[in-house]
Structures are given as C-alpha cells and as structure tokens.
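Each remark here refers to the structure printed beneath this line.
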Amino acid sequence: MSNVESAAIESGLHENRVFPPDAALGARLGGAAIGTLEAYRAEHARSIADPSGYWGEVARSFDWFTPWTSVLEWNLPDAKWFVGGTTNVCHNCVDRQVANGHGGEVAIIWEGEPMPGGVAEVRRFTYADLQRETARFANVLKAQGVKKGDVVTIYMGMVPELAIAVLACARIGAPHSVIFGGFSSSAIVDRVVDARSRVIVTCDGAWRRGSVVPLKANVDAACAELVGGASAIEHVIVVRRCGNDIAWTEGRDRWWHEAAAEAADACPCEPMDSEDMLFLLYTSGSTGKPKGIMHTTGGYMVYTGHTSRVVFNLVPERDHVYWCTADVGWITGHSYILYGILPNRVPSIMYEGAPNHPGPDRFWDIVARHKVTHFYTAPTAIRAFMKWGAEHPQRHDLSSLLVLGTVGEPINPEAWMWYHREIGGERCPVVDTWWQTETGGHMITPLPAATPTVPGSCTLPFFGVDAAIVNEAGEELPANRGGLLAIRGPWPGMLRGIHGDRARFVETYWSRLPGMYLAGDSARRDERGYFWIMGRIDDVINVSGHRLGTMEVESALVSHPSVVEAAVVGMPHEIKGTGIAAFCTLEPHFTPSDELIESLRAHVGAEIGAIAKPDRIRFTDALPKTRSGKIMRRLLRAIACGDESSTQDTTTLEDFSVLAKLRETDES
Ligand code: WT7
C-alpha cells in the first residue's frame, strides 16, 4: 500500500454532516449565479464537453481591444487562451468601470493598522481614483525607463500604493513580481536575480502590531548584495508609510510622492496580447530554489473574474462589500483582492494590519463597521479565532455576512463548524476553495447557492475543471481511495511556465501523469464525488496556508555556522495546521542548548522570513539515511508526529542506532 493510500484509510475521516444550500440565499445575494446542484451539474458538463464554447462565452463579458481568433490552442503542456486577442487587465479592472459611468463607485476600501492610541485610518478609492493613480504611477515607472515586458519587483506592506503599483504595472504591460513583505532580503535577492528586475517599489517600513518592519532596509541589504552581480537594481521607489529613518542612495532612490507629483495623471492602457505575461509570483517547490510561476493576461483575467463572480456570487449594486484577509504578496491577494474582484464592481477591502491588533476582535470590528457581506480567510486564522474565543465575534454585529470562504490548507471539520456557527450565524454557506499559485484561481469549490457542503471537503470541480484522483500510472481510482490529485486538460487560469526553467515546468507538473496536470496534493473523492484534500506529496509543507519547501529551510539552517546537516519535516500544529520540525547535526565544537535553538530560529527568520522559523529543533548525532544516503524523511516525520510505534519499514536504514537515539531524546 502506498503512503498516500494508507494515509487516506488511516485518516478515517467520514464526515457526514451535510449543509444543503439555503433556498433564500440567492435572493439575499441579489440573484444566484448558479442556483441549484442540477444547474451546476449541467453547466459543468457543458464546460467540459465544449471548453472553447464555454470560455468563449465567458470571455465576451470582458472588454477586448481586438477579438481573439480561437479560444484555445492546446499542445500539452502549452496552452494559449483567446489566441490573437488583445486586452488589458487594468482596463478591465478600472477604466472599463469608469467608461461605463461607474467612476464614482468605491473600488477599494483600505483600512490601516490602528496607530498607537488612535483610530484606524480608512481610505476609499473609487474607480476614477484608481484610474488616475494607476496612470500617474505608470508614468512614474515609465520615467524610470520601465518598458513593456520589464519585470518590476514590488516589496511592500498592505498599503493602497501596493494595489496601485500592481495595477500600474498591468497598465503598461510590465510584469510585476510581488514579494511578500514578511520575507527577508535574501528572498529579494533570489527573486530579483531570477527575474532580472531592475526596479523595486517598496515602503520605508510596514506596520505590524504597532512596530515597524524595515522594508527599505531589507531592500538596501538586497541591493548591496546585488552590486556587480548578475542583476543590479537601478531604481528604488519608496512609499513613505511609517516615517522611520532610512538610508538613502542618491540617484537610485526616489520617494513615491515626489515622483508621482511630477507625473501626468493620464496614461493609456497598453494593448497586451492575451498570452503576454501579466505577472510572476514565486512559490516554493521541492528544491531550494523558488519557482517563478508565470501568469498571462487574457486567461488569468477571465478565470479570476469568472470564479470571483460565481464562487463568491458577487453582484454589483447590491451593497456587497467583499473582504479577503490575505496579503497581496500571495496569489490569494493577487487573484481575490485585486484582479478577480475589481472587474465585478464590488468594493474590495484591503486591511493593513494583524487580526489581533489592537485586540483579538479586530476583524469583527472591521466586518461590522464596513458591513462586510463576503469574508474570505484561511483555516489557520479560523483556528486562532477559535482559540481566542467566541466572545470576540459575539461582541460585534456580523449580520451583514452572506458568504464565508476559506483557502490555503485543508480545514478541519471542527474549525469549519466553528466558522459556520460563530461567524456565519449558521446562515452563511462556507466555500472551501481548493486551488494553488499555479492554478491562478479556484479549482475545486462549492458554489454558495447550489452546492450542499460537508465540513472538511472542498466539494466539486469548478466549471471547465476536470479533476480526478489517479494512481501513479494515471488511472482513475474508485471512491474513497487516496491518490494523486490531477487535472485533465487545460483551464484559462493555469500557469504558463516557470520563469527561466522550462524543464522544471514540464517535469514538475506535466510529465509524471500521462496527459494530466499533477497538482502535488494527495486527495480522495467520496461516493458523492466530493474531493477531500489530504496533503502534499512533495517536500513542500503548508505552514499557515503558505507553502514552504523543506529544502529552503534546510539550506537556511546549514548556512548557520553550527549546523552540519539538517532535515526538515512537517508536524501537526494546533494553529498553523502544519508546523516545522527540524533535525540538526552540529559541528563538533557546538553543544545543544536553548540559546542555540533560539539563534537557529532567528537565523532562519533572517534568511527566509518569520514564517519559516522551525517550531521545534532537535539535535542528533546523525540523520537516518538509506544506504544510498537519502535522508529518510518518512521516519523523521513519524518521530515529529510523535508516532513512536513506528511500523515504518526500516530495512534500508543504514544505522538503526540513530533512530533509537532520536526517539530517546524525544522522550526527554
Ligand atoms: C496548496 C497551494 C491557493 C492559495 C493559497 C495557497 C493547499 C490550498 C486548499 C484547500 C486543502 C488547500 C494545497 C495546495 N490548499 N487550498 N481549500 N483545501 N488544501 O496557495 O501557496 O500555491 O499552495 O495549498 O496543498 O496544493 P499555494
């Protein structure tokens, strides 16, 4: 029996609480996009039978400068969508709304982190504001020599200028590469080199629970490392947010507000080929080097816009207020704060701060004040809310809520039930959306007015998505057998490649299963046809809904002078879902200590970012290895999970004493 299968059977998760859709929800939403399970099934069948017909129809609801000549050209693994068509994503998010007379409506509601002792700042941007500001910043970028096709690196906090910078890039056809503000300067170096980017947009600092994250200093450190290297940063544009002291390099650094003040506030949207790159977004994989996932213009625009409309059931002019709590530094923020939401003409909230600052009811205060109707967050956040206690949401009026969403990792049924009860007041459907950086948008998800939900299952494939559970040979498995989650055939939001690494693109996603996309997740499908995601099959762990390569954390650990060798595995964690367990062997003249553990954690934080800090570090004389020298992660995983009865096959283990030692220290 394979790992995957045994996990499925051991999980023994047979959840049978079913929550049928509320027949009255469609009316409350201002009309259901899809109102019944039968309607879903009919439309899904049609979308699979005739993808070109289906997506052609969907794409016609967007503005195109020139029409496409064919909807899809598919030569595995290369898909071209809306071939020959030209459009501009910023136009469809912003300018189109203005042109249609909606310039005065609110597009983005930005809420700042509350200042010490003060109230939070709220800024509202209408579509007309966004048009003017994106045009202005597009002109700033042009003045720095940025041309169509040049990659602009963005490393910012959750300030409105982040949205403006992203959309301004789309406006002029300069692909952006947004780096999450929680990453360290080495993450900037790697990504800037890979993307050959010469321009960085950043902030002096970012607020995080009342203290300042020194973004500009991190950029300076990255620039210092880049001097004379493969890539050099020529321009750094700096938003003043925190007013913290920063170093300044004359000729390279420019204040955003000064540059913008000189720039004209009109700039046409560049006509982009449907397959021109819209952005690069780096994500972790099995090797130490992050993958630059490439998304293009037409397919991504249509896919994120359409999934936003159908999965969240967004309807303009029905007082919808949508809030996704993700950071724009992740794909969730790209697709479901900005690109998918703006074309739907529903205001999107962007919140700068943390969920528990100044108090653990911060989110519920925002929901109540802005009368949020759609709320989209991650299981890790829900588990934290549970821990903080239901009294916090109970203090606020959450009756505006209509639809709840989750994303990022499997949601445990207990957290699902709490979310449904305490946040949704048992009135709101929970859409558990399975997707990935690579997929661009939702792939397996309930539709709020149509799909009966079952806590813990992401339910059924979205339109145009032919998902299956297969074995290593690509054969579909019967119900409830754990296997590999695969997608048969292309969809408009799919990645078009890994930047600069064609071989890795083909190898990772398209070569292991015949004719299918390999998602990298294990899953099962129940007798109802509902999907249950079990976990990753590669050396990637999903910490708080963020993907981290175990190799990346291992390289960070061994770059510390005390560590000779390190192995990193996932372990269950109450809040994060998966935590990080590290096993390290030390240089002989270092001795294990709590101080050393802390300095290793700090080191990983500095190398990658706080999210990568191991939750547990154990020291060992040697790591368990096979005869060929491969670290036996399976065994380490069992130890990290506290599975002492390990029935795991150890016949290839070279040195049994290592394993016995690790177990002993675990008991101490
Ligand atoms: C991986 C993708 C998609 C945006 C956030 C993460 C896991 C994602 C779910 C879900 C179970 C999920 C998968 C996937 N995942 N959503 N609803 N249920 N697992 O994006 O960093 O690209 O990670 O997140 O393991 O492969 P990402």
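Whatever order the structure lists them in is the order used to number ligands and atoms, beginning at 1. Residues: numbered from 1 along the sequence shown.
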**Asked** Can you list the ligand 1 atoms lying under 4.0 Å from a non-hydrogen atom of Asp432?
**Response** 10 (C), 17 (N), 18 (N)
**Asked** Can you say whether the rings of Tyr300 and Tyr339 are parallel (under 30°), tilted (30 to 60°) or perpendicular (over 60°)?
**Response** perpendicular
**Request:** Return a yes/no value for Thr406: is any of its N or O atoms, backbone included, closer than 3.5 angstrom to an N or O of ligand 1?
**Result:** no
**Request:** Provide, to 0.1 Å, the distance between atom 3 (C) of ligand 1 and the closest protein heavy atom, together with that atom's residue and name.
**Result:** Trp435 O, 3.1 Å
**Asked** Should the pair Tyr322 and His374 be assigned to parallel (<30°), tilted (30 to 60°) or perpendicular (>60°) ring geometry?
**Response** tilted
**Message:** Less than 3.5 Å apart, any donor N or O on the side chain of Thr304 or Ser335 sitting next to an acceptor on the other?
**Reply:** no
**Request:** From the options Glu409, Arg536, His334, select the one whose nearest heavy atom is closest to atom 26 (O) of ligand 1.
**Result:** Arg536
**Request:** Look at the aromatic rings of Trp323 and Tyr351 and report parallel, tilted or perpendicular, splitting at 30° and 60°.
**Result:** perpendicular
**Prompt:** Any side-chain donor-acceptor pair under 3.5 Å between Thr332 and Tyr376?
**Reply:** no
**Message:** Can you see whether Phe183 has Arg191 sitting over its ring - NZ or CZ less than 6.0 Å from the centre and within 45° of the normal?
**Reply:** yes
**Protein contact to atom 24 (O) of ligand 1 [nearest heavy atom, distance to 0.1 Å]** = Asn542 ND2, 3.0 Å
**Message:** Tell me the contacting part of Thr437 for ligand 1: side chain, backbone, both, or neither, using a 4.0 Å heavy-atom threshold, strictly below.
**Reply:** both
**Request:** Measure the distance from atom 4 (C) of ligand 1 to every protein heavy atom, then report the residue, atom name and distance (to 0.1 Å) of the closest one.
**Result:** Thr332 OG1, 3.2 Å
**Asked** What protein heavy atom is closest to atom 23 (O) of ligand 1, reported as residue, atom name and distance in Å?
**Response** Arg547 NE, 3.3 Å
**Request:** Please report the closest heavy-atom contact between Ile382 and Thr406, naming both atoms and the distance.
**Result:** CD1-CG2, 4.1 Å
**Request:** Among all protein heavy atoms, pick the one closest to atom 13 (C) of ligand 1 and tell me residue, atom and distance.
**Result:** Asp521 OD2, 2.9 Å
**Message:** Please classify the Thr439 to ligand 1 contact at 4.0 Å (heavy-atom distances, strictly less than): side chain, backbone, both or neither.
**Reply:** neither
**Asked** If you measure from each non-hydrogen atom of Pro410 to ligand 1, which part falls under 4.0 Å: side chain, backbone, both or neither?
**Response** both
**Item:** Distance-only side-chain donor-acceptor flag, Arg383 / Asn412, under 3.5 Å
**Value:** yes
**Asked** Closest approach of Phe463 and Trp55, non-hydrogen atoms and distance?
**Response** O-CZ2, 3.4 Å
**Message:** One residue to check: Ile331. Relative to ligand 1, which of side chain, backbone, both or neither has a non-hydrogen atom less than 4.0 Å away?
**Reply:** side chain
**Asked** Can you find a non-hydrogen atom of Gly408 under 4.0 Å from ligand 1?
**Response** yes
**Request:** Identify, for atom 6 (C) of ligand 1, the protein heavy atom at the shortest distance, and state residue, atom and that distance.
**Result:** Gly545 O, 3.9 Å
**Request:** Please state whether the rings of His420 and Trp416 are parallel, tilted or perpendicular, taking 30° and 60° as the class boundaries.
**Result:** parallel
**Request:** Using distance alone, decide if ligand 1 has a nitrogen or oxygen within less than 3.5 Å of any nitrogen or oxygen in Gln436.
**Result:** yes
